[in-house]
2 protein chains.
Amino acid sequence: MGRRSDHSRAELEELILAAGHTLLAETGYAGFSAREVAKRVGYSVGTLYNVFESHDDLMLAINTRTFVEWAAWISARLERAGEDRIAVLVDSYFDFATANRNLWMAIYDHRLPEGAAFPDRYAQDRRTLTLIVEQEIARVLPPERAHEAGPLTRSLLATVHGHCVFALNGTFALLEERHPRDAALARVREALAAA
Amino acid sequence: MGRRSDHSRAELEELILAAGHTLLAETGYAGFSAREVAKRVGYSVGTLYNVFESHDDLMLAINTRTFVEWAAWISARLERAGEDRIAVLVDSYFDFATANRNLWMAIYDHRLPEGAAFPDRYAQDRRTLTLIVEQEIARVLPPERAHEAGPLTRSLLATVHGHCVFALNGTFALLEERHPRDAALARVREALAAA
DNA sequence: AACAGAAATTGAGCGCTGTTCAATTAAAAA
DNA sequence: TTTTTAATTGAACAGCGCTCAATTTCTGTT
């Protein structure tokens, strides 16, 4: 068949992305399949592969979307935050991951083949989220240490991330840890106090 | 065919495990396949599935082995450690993960189906590694805080883990972080200093 | 030595996956 | 109306996890 007037190329891309996002949220990375996405939007596999280069390409696009939503989620929380913005940061990080388990884990489950670089769009959106955090870190840092904001942000992101993964992947359950959030926040507080 | 005198059941299990471990180290979790393991040990798929219940079962067995090796690696380093045992802990954690990239990542890439619990053997070996760390944490903790060693150990493990994943999965590369180890150790030091 | 029973091994077959591409069909241009 | 262009298709391929009737080999008994 030729062009179907009901969907432009951009609309079709958006349609696939939305369906993929939904499917990923439902099934998780392991259960995700391009074929099922195609079925859900009512197009054939072939068409999907005309719009997205590969499974990796589609996954990357979906994860980018998740990243944008995550950043928006945290930003929204920060807007209506009181004094303790750092606590809001840690809390909203955890909340998003918990409320969007499969989507959040898929960001890290999906791995590009050896040596392949992240596409620009994806890299950009990841740095955006980092920048939001960096602003807040810089705010509570003494002025003479402002230059450390970058490295410290990355390290604190890793710290909170570690607690969050262990909370969601069963590691903490295995070790009978029951307060991952509190622990993460405590570590962040100590690091900031030390600076 | 019947029993092949060249391998007992236990030997066969060991053979498959070793081959699986090697394959996993070579290809990583995504490229791993039970079929390929079977081919490498010179048995059919069917035989492999008589020895191991499922793909998950085999993965779990391989990951358990990795965990044991990891614990041994860290223990060995601790034995010939000087004053600063905490630095050795963080360093050997990173070293093992770096030297055994695919094996280490597979521990976290593999996820059991919804609600399935870890088998005892696996849980045990994971707790063993935690205990090694907990001993060292307890050693540097003031006596009156000894009871915090458990939660603190889990939190510090999460902290180092977070830095380690970000170093290996490309996140830190994306954010241009170049000293993940140092950052991890710094966070651990701050947390211990605060206690 | 011949047979019977038990145990181990097999691999074709099922339904799934990502991916390709010649063939088809619908829309746009002439 | 005819031609050209572009979108869409789905069978085909190689691979996956997994199953199980059929086969083969080893063991124990007569």
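We name chains A, B, ... by the order of the sequence lines, and we start the count at 1 in each one.
Of the side-chain N and O atoms in B/Thr47, one or more sit less than 4.0 angstrom from OP1 or OP2 of C/dT10. Phosphate proximity of C/dT9 to B/Ser44: absent, as no side-chain N or O sits under 4.0 Å from OP1 or OP2. For A/Tyr49 and C/dT20, the shortest distance from a side-chain N or O to OP1 or OP2 is not below 4.0 Å.
Counting only N and O atoms by type, the side chains of B/Ser155 and A/Arg187 include a donor and acceptor under 3.5 Å apart. In the model, B/Thr22 has no side-chain atom that pairs as donor or acceptor with a side-chain atom of B/Arg40 under 3.5 Å.
Here the C1' atom of nucleotide C/dT25 and the OH atom of A/Tyr43 are 14 Å apart, to the nearest Å. Going from atom NE2 of A/His55 over to atom C1' of C/dT20 covers 16 Å, rounded to whole Å. Per the geometry, CD belonging to B/Glu11 stands 11 Å off P belonging to C/dT9, to the nearest Å. To the nearest angstrom, P of D/dT25 lies 16 Å from NE2 of B/His7. Per the geometry, NZ belonging to B/Lys39 stands 12 Å off C1' belonging to D/dC16, to the nearest Å. To the nearest angstrom, P of D/dC20 lies 14 Å from CD of B/Glu53. For A/Asp57 and C/dG18, the CG to C1' distance is 13 Å, given to the nearest whole Å. Whole-Å rounding puts the A/Phe52 CZ to D/dT8 P distance at 14 Å.
B/Thr66 has its side chain within reach of B/Ile107: a pair of non-hydrogen atoms, C-beta onward, lies under 4.5 Å apart.
The residue B/Leu48 sits apart from the nucleic acid: no heavy atom pair falls under 4.0 Å. Here B/Leu58 lies out of heavy-atom contact (under 4.0 Å) with every strand. At the heavy-atom level, A/Arg35 lies under 4.0 Å from base atoms of the strands shown.
If you check C/dT9, D/dG17, D/dT8 against the side chain of B/Asn50, the one that comes closest is C/dT9.
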*Go through the steps to decide whether B/His161 and B/Tyr108 satisfy the test ring pair (Phe, Tyr, Trp, His ring centres under 6.0 Å), and finish with yes or no.*
CA-CA 11 Å; B/His161 176 83; B/Tyr108 305 99; 4.4 Å; yes
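Relative ring orientation between B/His55 and B/Tyr29 is described as tilted, the plane-to-plane angle lying within the 30° to 60° band.
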